[in-house]
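In what follows, a structure is listed as structure tokens, so that the remarks can point back to it.
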Amino acid sequence: MVTSLARAWGAHIINPIARALAALGLSPNLLTVLGFAATVVVSVIVAVGPLPLAGLLLIITLGFDAIDGTVARLTNTVSRFGAFLDSTLDRWAEIALYGALIWRFVQADDGRGVLLAAAALATSLMVSYTRARAEGIGVRCSEGWLTRFERLVIFIAGLLLGKVIWALAFIAVLAGFTAFQRIWLTWCLTCCDQ
């Protein structure tokens, strides 16, 4: 999975930053909230500003997503509420980003863009929802082609390269497929073994 490879590769960068932030006494939950706030600011730029700038800034906000968990592990402050907060704010961050694109497309009277942004948002949320529901019934379900990390990479590439419509179409289709992958996996793990 691309997410696992990125985590392994990024650990050399993330770990020293996480250690420094932990030494300053910053809590993982505070870092989670700060990362979310930064994403909301980037969403405003997505809505009304230059898209390549939003793409560059979004790369920086991705760092917060990795740092908060790393700080929690380094300081032995991993908690169930911290995991809940991180996951919940990740969903709100996605809503803010796709909502910003919807706003931009509405202002440009671009119905195709509105539909694709709404579809990408819906399927992205379904990827997360299927995982949460599977885990709610005791099934570990993090597999799939397009996890949050991959979706954000495609989203950022679309912003940077001026190919937002293509990025949204790609996300909508593959995130939808990923949600169905997780439904299938959960069915196999809960029904096929009986």
**OP:** Verify the cluster assignment for Ile102 and Trp92: are they in a single hydrophobic cluster under the rule of side-chain heavy atoms below 4.5 Å apart?
**Re:** yes
**OP:** Kindly determine whether Asp68 and Phe36 satisfy side chain to side chain contact (heavy atoms under 4.5 Å, CB included), including the steps that lead there.
**Re:** CA-CA 11 Å; Asp68 56 359; Phe36 170 70; over 6 Å; no
Subject >> Gap between atom CZ of Arg19 and atom CD1 of Ile14 - 0.5 Å precision >> reply: 11.5 Å
Original post:
Considering all heavy atoms of both residues, which atom of Ala93 and which atom of Thr39 are nearest to each other, and what is their separation?
Top reply: CB-CG2, 3.7 Å
**OP:** Answer yes if the ring centres of Phe177 and Trp145 are under 6.0 angstrom apart, and no otherwise.
**Re:** yes
Original post:
Once you round to the nearest 0.5 Å, how far does OG of Ser128 lie from CZ of Arg182?
Top reply: 7.0 Å
**OP:** Could you tell me the separation between the CG atom of Asp90 and the CD1 atom of Ile95, rounded to the nearest 0.5 Å?
**Re:** 11.0 Å
Subject >> Rounded distance [0.5 Å steps], CG in Leu97 versus CG in Leu152 >> reply: 7.0 Å
**OP:** Spell out, yes or no, whether Val40 and Ile59 are grouped together once hydrophobic residues are joined by side-chain heavy atoms under 4.5 Å, including indirect joins.
**Re:** yes
Subject >> Ala120 versus Tyr98, closest heavy-atom pair with distance >> reply: CB-CE2, 3.7 Å
**OP:** Please check if atom CZ in Phe170 has more than 12 non-hydrogen atoms from other residues, nucleotides or ligands closer than 6.0 Å.
**Re:** no
Original post:
Side chains of Phe105 and Val164: closer than 4.5 Å at any heavy-atom pair?
Top reply: yes
Original post:
Can you name the closest pair of heavy atoms from Val127 and Thr130 and give their distance?
Top reply: O-OG1, 2.9 Å
Original post:
What are the two closest non-hydrogen atoms of Gly55 and Ile156, and how far apart are they?
Top reply: O-CG2, 3.7 Å
Subject >> Non-hydrogen side-chain atoms of Phe155 and Leu101 separated by less than 4.5 Å >> reply: yes
**OP:** Flag the pair Leu51 / Arg104 as yes when at least one side-chain heavy-atom distance between them is below 4.5 Å, and no otherwise.
**Re:** yes
Subject >> Non-hydrogen side-chain atoms of Leu85 and Val33 separated by less than 4.5 Å >> reply: yes
**OP:** Please name the pair of heavy atoms, one in Arg151 and one in Leu146, separated by the smallest distance, quoted to 0.1 Å.
**Re:** NH1-O, 3.0 Å
Original post:
Is it true that a side-chain atom of Arg131 and a backbone atom of Ser142 form a donor plus acceptor pair closer than 3.5 Å?
Top reply: no
Original post:
Does any non-hydrogen side-chain atom of Leu57 lie less than 4.5 Å from one of Val41?
Top reply: no
Subject >> Shared hydrophobic cluster for Phe149 and Ile171 (ILVMFWY, side-chain gaps under 4.5 Å) >> reply: no
Original post:
Does the side chain to side chain contact (heavy atoms under 4.5 Å, CB included) test come out yes or no for Arg148 and Glu94, once each step is laid out?
Top reply: CA-CA 9 Å; Arg148 182 171 181 265; Glu94 284 191 279; 4.3 Å; yes
Original post:
Quick one: CZ on Phe180 to OG1 on Thr123, what's the gap to the nearest 0.5 Å?
Top reply: 10.5 Å
**OP:** Compare every heavy atom of Ala54 with every heavy atom of Val46, then report the nearest pair and how far apart it is.
**Re:** CG2-CB, 3.6 Å
**OP:** Determine, using the 4.5 Å side-chain heavy-atom cutoff (strictly less than), whether Leu121 and Tyr129 are members of one ILVMFWY cluster.
**Re:** no
**OP:** Flag the pair Leu34 / Leu26 as yes when at least one side-chain heavy-atom distance between them is below 4.5 Å, and no otherwise.
**Re:** no
Original post:
Once you round to the nearest 0.5 Å, how far does OG1 of Thr178 lie from CD1 of Ile183?
Top reply: 11.0 Å
